[in-house]
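Structure, as structure tokens:
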Amino acid sequence: MTMRTRFAPSPTGVLHIGGARTALFNWLLARRHGGAFVLRIEDTDTERSTRESIDQIIDAMSWLGLEADEGPFLQTDRLDRYRTVAHQLLDAGLAYRCYCSREELAAMREEQRSRGLKPRYDGRWRSRTTAVPGVDPVVRFKNPVAGSVRVRDRIRGEVVFENSELDDLVILRSDGIPTYNFSVVIDDADMGITHVVRGDDHLNNTPRQINIMSALDLSPPEYAHVPMILGSDGSRLSKRHGAVNVTDYREAGYLPEAVLNYMVRLGWSHGDQEIFEVDEMIRAFSLEQVNESAASFDPDKFLWVNEQWLRRAPNHRLARLLASYLEGAGVEGVGLAGTPPLEEIVDVQRHRAKTLVEMAEKSLFIYRAVEAYAPKAAKQHLRGVALPVLKRLHERLGELGEWTVASTQAAVESVAGELELKMGKVAQPLRVAVTGESASPGIGQTLALIGREKTLRRLVRAVEFVKARMARAQ
RNA sequence: GAUCCGGUGGGCGAAUGGUUAAGCCACGAGGCUUUCAACCUCGUAAUUGCGGGUUCGAAUCCCGUCCGGAUCCCCA
């Protein structure tokens, strides 16, 4: 039997790191075993589900490259099917109508809780058949009252639940919409899902689902409950912990392969390997190696992983991406005449940034005239002693034949030699003059990227700046 | 509260019951250097939550305990 896995998010928000990892594990398994990966949208919570969320989830998955082989299927398109099955159960005496009001149920729970018991429906409509006029009943599943349910989990091993701990859960709401535990069973069966891989917050639901399956004469799929992802403080990962949505990372300049790489290592490992190509993940991934304990999300390591992938990405691809991040930062005319080819920028910046956003920020000096020198940098390097240096640099660079990394670098070195100064005393004032900052790529690279005209113009301006400053000091 | 799951340096995590508990991130020091990075070298950091038991030998098996999380809804 070919493996069929699924990802079944509820469209009540955007794709979260935890959900994306679940999707990844499922996708990996299907790829590994030549099976199919199904996307199913669990939108039976009509109050909170939105079309916008569905679109965002699909968009994020597609960015990550987690394309579904089948779907997306929407549960709200299958309502008739759930009702049909619910009626089969009703007819077979395996489910019943319950006319309790919400207030009545709340009171029941309150009473049980006050007695230190686990709040459960007490089955008061289990054997009653008289309808209550004017009340739309819910349909409840008749859960077995005795015995136990064994969940065979590929990650946790065998977990046993006593039926006496379970109650008769609602499978169809009074408006005829099924609840999660019911629709999930029918869909997994109808869609031929062989492996259910999901967060371990679902482990406690599994015995209920298995009981429904038994009533329907279905055999359960393989289960694998993956550990949750926690924030740095040990609580469940949430917005409080900063960016947690997949799209946040796209915006922050992460590469999709880095996101996949970081996610796959959260709860799973393969010896001491840290970096995985997608193909390597597919070959190496197995449920048996998935950890049982929850993992904390570590933004620092994620950043490092992205840096690793920035190094591996082909130049032309990074160039194309960098262009859009530069435009996002408000730069106009990216890649046009008068600006260096993007691939040259990528060449010098790819080892100097951990994200594309950072790469764009560090490249702004190429496009923008220096509006204001960084105060500390100016104070330290644009001083009176720098005046002759800057003037000489302007002369020497101005008479340069060709303007390249090597020629500009050599010119700067020759000025240093001529003035009997260390490179630091020459390159730093120059760097601040042309970039406004005390840090930039190698001085030759910096000048080559800026270009002759802009360099000379900025040098003139720096000379003026130093003069004005000296005048003020007197 | 009940039930279920988990617990190895600050984080991710490795380790058939068998040396001195891998590796990576972060952190610190040094090197390289025109700056910032990158890179190279070295280093700090763990009575494997705690207590007991089994065993020649326990991170690993058993019991207890503590802590954390999940579920208990006409949410998923």
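Throughout, protein chains are lettered first and strands after them, A, B, ... in sequence-line order, and every chain is numbered starting at 1.
- Of the listed nucleotides (B/A76, B/G23, B/C25), B/G23 has the atom at the smallest distance from the side chain of A/E274.
- Note on A/S440: every side-chain N or O is 4.0 Å or more away from OP1 and OP2 of B/U35.
- Within a 6.0 Å radius of CZ in A/R126, other residues, nucleotides and ligands contribute more than 12 heavy atoms.
- Side-chain nitrogen and oxygen atoms of A/T44 include at least one within less than 4.0 Å of the OP1 or OP2 phosphate oxygen of B/A76.
- With a 6.0 Å cutoff to the six-membered ring centre and a 45° limit on the axis angle, A/R265 does not count as a cation-pi contact of A/F276.
- Comparing A/E158 and A/R265 by the nucleotide of RNA chain B whose heavy atom lies nearest to each, the residue mapping closer to the 5' end is A/E158.
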Secondary-structure notation, RNA chain B, from Watson-Crick and G-U pairs under 3.5 angstrom (| other strand): (((((((..(((.....[....))).(((((.......))))).....(((((..]....))))))))))))....

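- Side-chain atoms of A/Q273 and base atoms of B/G23 include no donor and acceptor less than 3.5 Å apart.
- Side chain of A/R352, nearest nucleotide from B/C39, B/C5, B/C36: B/C36.
- The gap from the C1' atom of B/G53 to that of B/A70 amounts to 31 Å, rounded to the nearest Å.
- The local environment of CD in A/E420 is sparse, with at most 12 non-hydrogen atoms from other residues, nucleotides or ligands closer than 6.0 Å.
- Both A/Y180 and A/L203 sit near RNA chain B, but only A/L203 has its closest nucleotide nearer the 5' end.
- Across A/R124, A/R109, A/R208, a single residue satisfies salt bridge (Lys or Arg N to Asp or Glu O under 4.0 Å) together with A/D167, and that is A/R208.
- For the P atom pair drawn from B/U47 and B/G11, the interatomic distance equals 12 Å after rounding to whole Å.
- With both ends at atom P, the span from B/G1 to B/C39 equals 50 Å, rounded to whole Å.
- If you check every strand for non-hydrogen atoms under 4.0 Å, A/C100 touches a base.
- Here the separation of B/A45 from B/G31, taken at their C1' atoms, is 23 Å to the nearest Å.
- Among the atoms of the strands shown, only primed sugar atoms or phosphate atoms (P, OP1, OP2) are found under 4.0 Å from some heavy atom of A/L266.
- The phosphate of B/A14 (OP1 or OP2) has a side-chain N or O of A/N291 nearer than 4.0 angstrom.
- In this structure, A/V159 reaches the sugar-phosphate backbone alone: every heavy-atom distance under 4.0 Å involves primed, P, OP1 or OP2 atoms, never a base.
- Here, B/G6 and B/A21 have their P atoms 26 Å apart, quoted to the whole Å.
- Annotation: B/G57 and B/C42 have their C1' atoms spaced 34 Å apart (nearest Å).
- Annotation: B/U55 and B/U60 have their P atoms spaced 16 Å apart (nearest Å).
- Only the P atoms considered, B/A14 is 11 Å distant from B/U8, to the nearest whole Å.
- One finds no side-chain N or O of A/R109 lying less than 4.0 angstrom from the OP1 or OP2 phosphate oxygen of B/G1.
- Considering only heavy atoms from C-beta on, A/V184 comes within 4.5 Å of A/R6 through its side chain.
- Counting only distance, with no hydrogens or angles, the side chain of A/Q409 and the backbone of A/A406 share no donor-acceptor pair below 3.5 Å.
- Heavy-atom neighbours of A/R383 CZ from other residues, nucleotides or ligands within 6.0 Å: at or below the threshold of 12.
- The distance from the CG atom of A/L447 to the CH2 atom of A/W403 is 5.5 Å, given to the nearest 0.5 Å.
- Nearest to the side-chain atoms of A/D201 among the listed nucleotides B/C25, B/U71, B/G6 stands B/U71.
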